Participant: 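Take a look at this one; I'll ask things after.
In what follows, chains are A, B, ... by sequence order, proteins preceding strands, each numbered from 1. It should be emphasised that the depicted structure is a prediction, and the values quoted were computed from it without experimental measurement.
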Amino acid sequence: MVELEVPLSVFLEGREVVVYVENYLNKPSGDRIEKVCLQFLNEGYRKLILDFRETELVNSIGVSFLLGIIDACERHGSELVLTNLNENVFNLFELLGITKRVKVDFIEDESSTRDLH
Amino acid sequence: MKANPYKFIHTFEALAGIGQEIANRHSFNEMIRVSLHLLLGSLAIMRGGIARYLPKEHEFQFIAVRNLGDDFPLSIPISMEDERDLTCAGLRGIEADQAKLLCFFQQNYSIFEKKKIELIVPLIVRSELVGVILLGEKASGEPYDSTDLDVICAISRHIGVGIHQRNIMIELERKAEENRKLYENLQVTYKDTIKAFAAAIDSKDKYTEGHSERVGKYTEIIAEELGWDEKCCEGAAVAGYLHDVGKLVVDRSIINAPYRINARESAELSKHPSIGYEILLPIHHPFVDVPLAAKYHHERVDGRGYPEGLSGDQIPFIARIVNLADSFDAMTTDRPYKHRRSFEEVIEDLRRNAGKQFDPSLVVAFCNAMLNEFSGETNKKRFSRLLGKGYVNTSLAVPLLRKILNDLDGTSGMTFIAS
Ligand SMILES: [Fe+2]
């Protein structure tokens, strides 16, 4: 069992884990989250859910760390899901083509929560 | 650039970030790692690496890689033709199809293909190849468009300048190290020259073999006792070594006279401080006071010395130190016309002459240094070595030195007794 305080992780049944992305996905938080995710993948977790509900902002370095997690999941044959993205973050990921590569479950919408898949 | 504010802001943020990274002075490798993140993150490029070019080794050495896997080679040799072709290509993205013409790309084709390397960007600064950036596929899977290539070039230019700056710094450091070594060698040469001079001076005087060297050492001891820094102490030693350099031009028969010399001879001999000054003045010494030590080492604080009859503070400090060291050695070594005096007599003489011939504060410093050694407070055996075995009876010397220091206590600041 991985014991790490930051970022917060919640373990689900069936080798699945939810990792909560910090408020600002940048170099320090990106570094932390990538390390944690790699650790889960090495321990054989089959599904990683990155929860962006707390995340206001993602910068270029943050994107790069996210790409590292995407690549690692692909190499390990594990599933990656991004969830609860705010509109700005979702738009950015969509513009960069990241949403074409990885599954996005929910985005937070002012009126309702859209299910994209 | 397509008028899409989000993408524009995101790219702009990456460009601003890279400028900052290059300007920041933290570790070079960290700067390159962050630059790679910025580059990949700005356009969502899945993988890539930044290498610097080592011209002597003819190879690219990777400083930062992302998502290229453990089997990716971290150094890639390149041919002279590659170097030329990349330099000619200039800073622009070369797509994999075109890049196949380059030898190193062909040689590494299988790994590049496996890692989906799609773009090669030579880093050229001032028409010089400083490195290369390899980029894999975009997250979207789409090919690079012209806007992407513009952004890549803009960021790559910054990275190239960063590597170039680093190269300049390494070169500067290498030159500084070279200079430091040269300077060290010069210092060794200087010290050897000083020793050779001292030996030459003493060789003129068959009765005072080693005199200059001993005066140098006593001078150094006093300087140390006064708390001077290492460089100044070394300089003080040099002043001691060379104080009698003027004797090189005084007739050998006068120096070696086995009797007390007459007035004419004495006048001839008394020129040696000024002659020494003339000899030493044009030489660049690491310690500026060396010529002054030679010129004034026969002055007395009571003003009855020569050549100028200066008194007290008028006499350069280094000359007062050398005077004490010189006299001490003269009294503690055999001369052609007299046997050396007992250590106790010499110490008494120092006390009696404190304020007359000698600066009292220096007598105190000198006696302190001796007391430290003879009372066993320090393990250095400098006086014992310089004075020879059996000369100093420590059971007599230690109480005597203590008494003298006690007597002189408070007098070291006294005004000099001018004649
Ligand atoms: Fe002299």
Side-chain angles (χ1 to χ4, degrees), chain A residues 21-22 24-35 37-38 41-42 48 50 52 55-78 80-82 85-104 107 116, chain B residues 1-21 24 26 30-31 33-50 64-71 114-116 135-145 147-148 151-152 155:
Chain A
V21 183
E22 288 166 60
Y24 183 18
L25 182 56
N26 54 9
K27 182 167 173 264
S29 60
D31 201 19
R32 282 193 287 270
I33 205 160
E34 188 185 47
K35 275 193 188 121
C37 289
L38 288 179
L41 291 172
N42 286 333
L48 252 58
L50 292 186
F52 284 79
T55 310
E56 299 282 338
L57 213 58
V58 180
N59 73 1
S60 300
I61 301 181
V63 169
S64 176
F65 279 110
L66 177 63
L67 298 176
I69 298 168
I70 295 172
D71 185 65
C73 286
E74 288 174 357
R75 270 187 288 115
H76 280 83
S78 296
L80 178 68
V81 178
L82 314 182
L85 286 67
N86 77 20
E87 205 177 337
N88 284 340
V89 174
F90 177 78
N91 281 337
L92 176 67
F93 287 1
E94 193 172 43
L95 281 164
L96 292 172
I98 292 171
T99 48
K100 286 186 183 168
R101 186 136 186 160
V102 64
K103 191 175 167 189
V104 178
I107 64 160
L116 292 166
Chain B
M1 187 166 293
K2 263 180 244 161
N4 190 315
Y6 293 113
K7 198 165 179 179
F8 176 75
I9 290 167
H10 181 72
T11 314
F12 182 79
E13 176 259 336
L15 275 166
I18 194 112
Q20 227 169 33
E21 272 309 314
N24 277 349
H26 50 61
E30 179 63 12
M31 182 268 281
R33 270 196 293 273
V34 174
S35 300
L36 182 60
H37 276 300
L38 284 164
L39 177 54
L40 299 181
S42 65
L43 297 170
I45 301 165
M46 286 305 293
R47 60 201 89 245
I50 301 176
V65 288
R66 285 283 295 168
N67 309 330
L68 287 175
D70 296 335
D71 53 343
K114 187 174 150 203
K115 303 297 176 186
K116 300 181 191 146
L135 295 172
E137 83 282 19
K138 284 167 58 176
S140 63
E142 290 160 4
Y144 288 98
D145 63 27
T147 310
D148 294 338
V151 172
I152 289 168
I155 295 181

Participant: Tell me which of these, N88(A), L95(A), I70(A), L92(A), has more heavy-atom pairs under 4.5 Å with chain B than the rest.
Facilitator: L95(A)
Participant: Picking from L50(A), V102(A), V58(A), what satisfies side-chain contact (heavy atoms from CB on, under 4.5 Å) with L66(A)?
Facilitator: L50(A)
Participant: Side chain, backbone, both or neither: which part of E94(A) has a non-hydrogen atom closer than 4.5 Å to chain B?
Facilitator: neither
Participant: Based on non-hydrogen pairs under 4.5 Å, which of L43(B), V34(B), L38(B) is most in contact with chain A?
Facilitator: L38(B)
Participant: Given side-chain contact (heavy atoms from CB on, under 4.5 Å), test V104(A) with V81(A) step by step and report yes or no.
Facilitator: CA-CA 6 Å; V104(A) 178; V81(A) 178; over 6 Å; no
Participant: Partners of D70(B) by salt bridge (Lys or Arg N to Asp or Glu O under 4.0 Å), sequence neighbours excluded?
Facilitator: none
Participant: Are any side-chain N or O atoms of D31(A) and backbone N or O atoms of K27(A), one a donor and one an acceptor, separated by less than 3.5 Å?
Facilitator: no
Participant: One pair to check against side-chain contact (heavy atoms from CB on, under 4.5 Å): L41(A) and C73(A). What are the steps and the verdict?
Facilitator: CA-CA 7 Å; L41(A) 291 172; C73(A) 286; 4.0 Å; yes
Participant: Tell me, for I45(B) versus chain A, whether the close heavy atoms (under 4.5 Å) come from the side chain, the backbone, both or neither.
Facilitator: backbone
Participant: By a 4.5 Å heavy-atom criterion (distance strictly below it), what part of F65(A) contacts chain B: side chain, backbone, both, or neither?
Facilitator: both
Participant: Checking L67(A) against R66(B) for the side-chain contact (heavy atoms from CB on, under 4.5 Å) test, could you report, in this order, the C-alpha distance in whole Å, the side-chain angles of both residues, the deciding distance, and whether it holds?
Facilitator: CA-CA 9 Å; L67(A) 298 176; R66(B) 285 283 295 168; 5.8 Å; no
Participant: Heavy-atom pairs under 4.5 Å with chain B - which of G62(A), G30(A), G97(A), S64(A) has more of them than the others?
Facilitator: S64(A)
Participant: With a 4.5 angstrom heavy-atom cut-off, is it the side chain or the backbone of D71(A) that approaches chain B, or both, or neither?
Facilitator: both
